Visitor: 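The structure is given below, and queries will be raised subsequently.
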Amino acid sequence: MKYAFFLGCTVPVRNLNYELSARWVARELGLELVDLEDFQCCGFPLKSLNLLDSLVVAARNLALAEQAGLPVCTLCSACGGFLSEANSHLQHNHDLKSQVNDRLKVSGLEYKGTIQVKHFIRILYEEIGIERIRERITRPLYGFSFAPHYGCHYIKPARTAGGIDPVEDPKSLTELIEVTGAKALRYETLLDCCGGSVLGIKEDLANTLAGNKLSEVNRLGGNGLVLICPFCNVMFENQQKKIEKKLEQKLKVPVLYYSQLLGLALGTDPDTLGFKLNRIKDKEFLTGFERRD
Amino acid sequence: MIPQEEFRKLNRVLIWGKGQTAEETATRLTLLGYEVLKINPDEQFQLLSIEGFAGDFQVTLQQTIPSLEKEGGMEMLERIWTEKFGAVVFAPELVSEGNFSDYQVAPTEKIITLEEMQKVLIPGLDEFHQGNHSFSALPTPASAGGRRIFAALKPASYVAFLVGLTTEGNVLDMAVTLSAALEIRKRFQSQISIFCRQVKVAGEGLERLYQACRDEGVLFFKFDQEGPALLRRGDEVVLQFEDTILKRPFILTPDLLVFDSRHLLSSEVRQTALSAGIGMDKSGFLQSANVHFLPQASEREGIFIAGPGKGPMLSQLSIEEARATALSVHHFFQGLTSETMNQEVSVDKGLCTLCLTCLRFCPHQAVGFTHRVFIHPLACRRCGICASECPMDAIQIEGYSDNEVEEKLMALQERGDKPEFSQPRIVVFGCQRSAGVAWEGAESSKLKAQSNLEFIPLPCAGKLDPDHVLKALSVGADGILVLACPEENCRSVHGNTYARERIMEIRKYMEEAGVNPGRIRFEHLSSNMEWYLKEIIKQFSETLEELSNPQSAIRNPKWKNGPH
Amino acid sequence: MVVEIRNPKFKSIFILNHNFEHNLKVNSKNSKVLIIGGGIAGITAAVALSRLKIAVTLIEKATALGGMVPNYCCKATDACQQCGVCLLNDSLQALSQASNVEVHLQTEVTDLTLDANKFLYTFSRPGGGGEGRAEALLLATGFTPFRAEDKPQYRYGILPNVITGLDLERQLKETGSVVRPSNHTLPTSIAFIQCVGSRDPHLNHPFCSRVCCAYALRMANLIKYKNPQTEIAVFYMDIQTFGKDFSLFMEKTEKQIRFIRTIPGEIQKGDNDQVWLTFQDDDGLSSRKQAFDLAILSVGIMPGSDLEFFKDKLGLPLNGDGFLSEANEIFSSKGIFLAGTVRGPKGIAGSITQAYRTAEEVAAYLKTRPV
Amino acid sequence: MDPIDLKKLDPDFKHRLARELGGEQIKKCFSCGVCSARCPIEKIEPEYNPRRIIRMILLGMEEELLKEEFLWHCSTCYTCQESCPQEVDFTEVIFVLRNMAVRKGLAPAGLGAARNLLDQQGRMYEIGDFENEKRKEMGLPEIKGNAKDYRELLKD
């Protein structure tokens, strides 16, 4: 299993904990992630401004992966979603493809439409599989519970997301949490959006969205909110202080990446998984977990 | 009793109607070997009356022919004559009147009816509904009106359809509207708005047509209550309305305004139906709103109803109706055998005083008289209303005669003193086609086993006889339950109502006789309401228990002490 | 003559079960027409053909005749609402009096071939099977109700107080009243959601089911008649015309039922097992949540699951909506005829009319077909 | 409120939008309102209402609509799109509307910044020596953050 590793813009600068833990988990499970030097922004930030421009940028990245002969693995759901979407548009629309390829000529690249894009979590779920992960769990996280947050672009739009999960009732992350031995919480706002896309336009609106979910997760208790996208992380972790202020309520909802959770269950220590970089940690969970050994 | 030689079975059918249904019914019946006369109900031909009985109707027709032109106008020649038919099929089309009066506008160059639009635009609409969902190249209309309409249809022009706003919409008008809108979009690229309350899509292909219109950019304005207001501005009409989605006011000055129509039964057909004793629904369409007449039956045996006269319908369905009707007519003729002519209803000549009560009450026009009354066995549906109404008890129906019912009641009396009876004894009189089915159903099988319950089937609740009810009370019943079909569901039209009225009467007798009128109960029950039958009996038993309580009422002494 | 009449005095009575089925003699050789499906359309067609002295074999999978109709309730309030459910009993009565009709219950056709204008078929049934032949085939295999689970945003099967129109029919048929499944109390507020699974290209059912407005509004009126204090809201897109005197019906219905032209987005769990509907409010400009004691999903008519079998065996084309095509000339020339919902959504009255029409076609075919 | 004259609106707007990538299904809408009922933004800001936005498109209210600030408030969660019975891709429609607004110079101030960043560095966040130093400390590979070709690629 070998993938071109698409980090996107946010992860390699702002979410090193996600990158660290994902690389560690991948290595541990025999998933080879290859860094391609020329990968840049996926193109999604341009979609609102000029759809064609955004597709050109996406196609550039896809063409690079094609050159390397590797399918793409993304950590960010927005990157994964948008690269898949571009792939689908270009594979099905011949005129669009030639239009985009015309523009790609300045980079000396050609998009052919031969490779697939998959989110890291989807690779864990579909390629490695729950059973193989189960076999590798050495330190099950019994007694702890987490609220999964799927995020929007991981499963939607269903047409281009590849149907990994039924959009009204997604299961993959829930099962992946449960295979670690921890309990995955069911909650009303499970499908709610983080609001990340509106943050730059109307912060208050974005905070209200994220706040709804954080309040519920706070009421639920448990050991934190499990994420799989750095965009969502911006809202739930970085904005949490501001949201607390807005809601006039202490939230203190610990936020962590799924790869960090899995890493612990696979037997490594929090430091290797970048837990030091998590801003809101569940100390009880981390200490409680360490004390078990 | 009618002598055998008076029967005649004529393999002739009169089809009173025009259009698709009438045509198709005529064709199918001809193929089946019947002699068919098809007459268009219009100004020229009128059907004055249908006398006689199933298999042998005498139909009186009138023809009005304009004759030689004379000074001061046309002389009209009238011809009235009578013909005989075994069966009659009503298959008229509806007449349409533009809905202008509802909006208080008059037809002008820019205001036309949906029918006009259809005529110039979609001559092949019928074909469309028969499954050919593509429009072939259509010729430009030859008529002046048609050319005028075409001239109004340009890419820059706005066409507005007002459909189903002042009267309840129907699939037919919607199909025409959608087809016309689509055609105009495709051929002239005009801007089209359809104003309606509901988009009626419950017909084959209509949902796709609706979708095709939306794809073409046709706008739909749906209204919950009032449609747009029509304002006159010089020559033009301005539509003023609120968009129900945006909740904002809009105006539109259409270049062509198309109105739907009211579809009505012509007064000729209406008159004929009334005189022939054929029911209509409350909206004035043919066939009573009674499911038991589905699909093509009428109150009178041998008279059938088919097609849009029952209400606007898509042409597919008209064809379906025609073929089904042809079969029903064929069944009817096949059923005219010596077996069906067996007398099951008899009139006692000695008792009959020729008061003709039976004739007045018969919902099926099955009673005739010459020097004596007879009940025509083919026209009779054996409801027994006549038997119950006959003041002389001269009419008896096999299986439900006074003697037979009384025998059953006497048997009840004999069983009356069995000691295991602890529950009130109830005699149930019920229509055998509704209550009878429910009574025999699996759900109520426990009821049947209850020896305190006796079910006396009636051919129709209209056969309920006050004498039998009083008899039942006198032989020891604690309570009488009468079960009739729901209102407007009686196969004999008013049988259930008659039963209810008779009970009011019986209650009066009971009061006079000092018996609590609460001991008789009347309920509507359909054949599949077994749970309700159980429930009624439970409730009624409780009522009767209470009435039998010495503190509350006097228990029927006959029951308590056994028979005398 | 195959339907048992328990009491010869009441000709309208039958108990249909597999016990009497075993006494049945299988003698399909004489049958001219094979009817598959013993619902209202199949029964009506069988009766119509038998009256023409055409011998018919009627095969039904279930243990009783009637198809879906025995699940439905009588909807009469102070007067009949013309639902036509009682017509099944009329048809069964006519069948019990028909000659030349052989009914096989609990029987499934396992193979079917068309060979030189003859249909050869094999069937299986408890305790064995057999084979038969027919000169014409009439398919009346009916429909499948939409699976409400396929619209997960309404949480059918998860929230106890979300039921389907079919569930409500059964409840009213069996008990005569409507209760909340969670605690068996009477609901004080009820929401009907129309078009669940119908007019929904997203779920691959782009067509109108043509019966849901009728059954939902009639049942709503019935509930209101029984319990006038119940508040009922109907969420709809376009109310479809049905029955006679429809405008009078609507006039009356609109007075006692709230109509909201929108489709609710989702149903969520509320306190006391109430269901929360989120929908675009008709009065204002925004969506809102409202709690109801009970939500009823008006599920529609979907193509029957047997259609694939006939498609494979006889090469019959399905139309764009997944039903057997309405343009049936290609079928009838081969001696294949269709009646009822196998051809597309329709109600009881429509099925009956169509059964007559088809019977007429079958009769004409048998008269003129090449030998 | 003065009534709007339907004839003064642009009936071609919906057709033009339908020709854009993602806008193809717009005319299928039959105003059921599921999109609005499920929209999380609508719950916070009722002015943002997908059903009404589509209605404005269908009626041709281009001028008014493209000026609306709320077009930029969609969180692109795709809930509307996934639950639409008529398969209108409303989230994509929002992108099309935004593209149209940008073409008319109606984009909110500051949105051009994203494009400038990509023009210059091919990334939303610059990766310089400082960032790479930090990565190195964590044992992560260096990232060469310069994409010279983006400027060329995004040239109009």
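Computed from a predicted structure; not experimentally measured. Every chain is numbered from 1 and lettered A, B, ... according to where its sequence line falls, protein lines coming before strand lines.
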Visitor: Does any backbone or side-chain atom of A:Tyr154 lie under 4.5 Å from a heavy atom of chain D? Answer side chain, backbone, both or neither.
Guide: neither

Visitor: Please find the pair of heavy atoms, one from D:Asn99 and one from A:Leu51, that lie closest to each other, and give the distance.
Guide: OD1-N, 2.6 Å

Visitor: Can you classify the ring geometry of A:Tyr257 versus A:Tyr18 as parallel (below 30°), tilted (30 to 60°) or perpendicular (above 60°)?
Guide: parallel

Visitor: Is it the backbone or the side chain of D:Thr79 that comes under 4.5 Å from a heavy atom of chain A, or both, or neither?
Guide: both

Visitor: Less than 4.5 Å to any heavy atom of chain A: does that hold for the side chain of D:Arg38, its backbone, both, or neither?
Guide: side chain

Visitor: If you take the centroid of each ring, where Trp contributes its six-membered ring, are A:Phe82 and A:His153 closer together than 6.0 Å?
Guide: no

Visitor: Do you know which of A:Leu52, A:Val57, A:Asn93 makes side chain to side chain contact (heavy atoms under 4.5 Å, CB included) with A:Val100?
Guide: A:Leu52

Visitor: Between D:Leu17 and D:Leu97, is there a side-chain heavy-atom distance shorter than 4.5 Å?
Guide: yes

Visitor: For the pair A:Glu66 (side chain) and A:Gly113 (backbone), establish whether a donor and an acceptor sit closer than 3.5 Å, ignoring hydrogens and angles.
Guide: yes

Visitor: Which bit of D:Leu140 is near chain A, if near means a heavy-atom gap under 4.5 Å: side chain, backbone, both or neither?
Guide: side chain

Visitor: Which region of D:Leu118, side chain (C-beta onward) or backbone (N, CA, C, O), has a non-hydrogen atom less than 4.5 Å from a non-hydrogen atom of chain A, or is it both or neither?
Guide: side chain

Visitor: Is D:Glu142 close to chain A through its backbone or its side chain, or both, or neither, when contacts mean heavy atoms under 4.5 Å?
Guide: neither

Visitor: Side chain from CB out, backbone as N, CA, C, O: work out which of these in A:Leu96 comes under 4.5 Å of a heavy atom of chain D, or both, or neither.
Guide: side chain

Visitor: Would you mind checking which part of D:Pro141 comes under 4.5 Å of any heavy atom in chain A, side chain (CB onward), backbone (N, CA, C, O), both or neither?
Guide: side chain

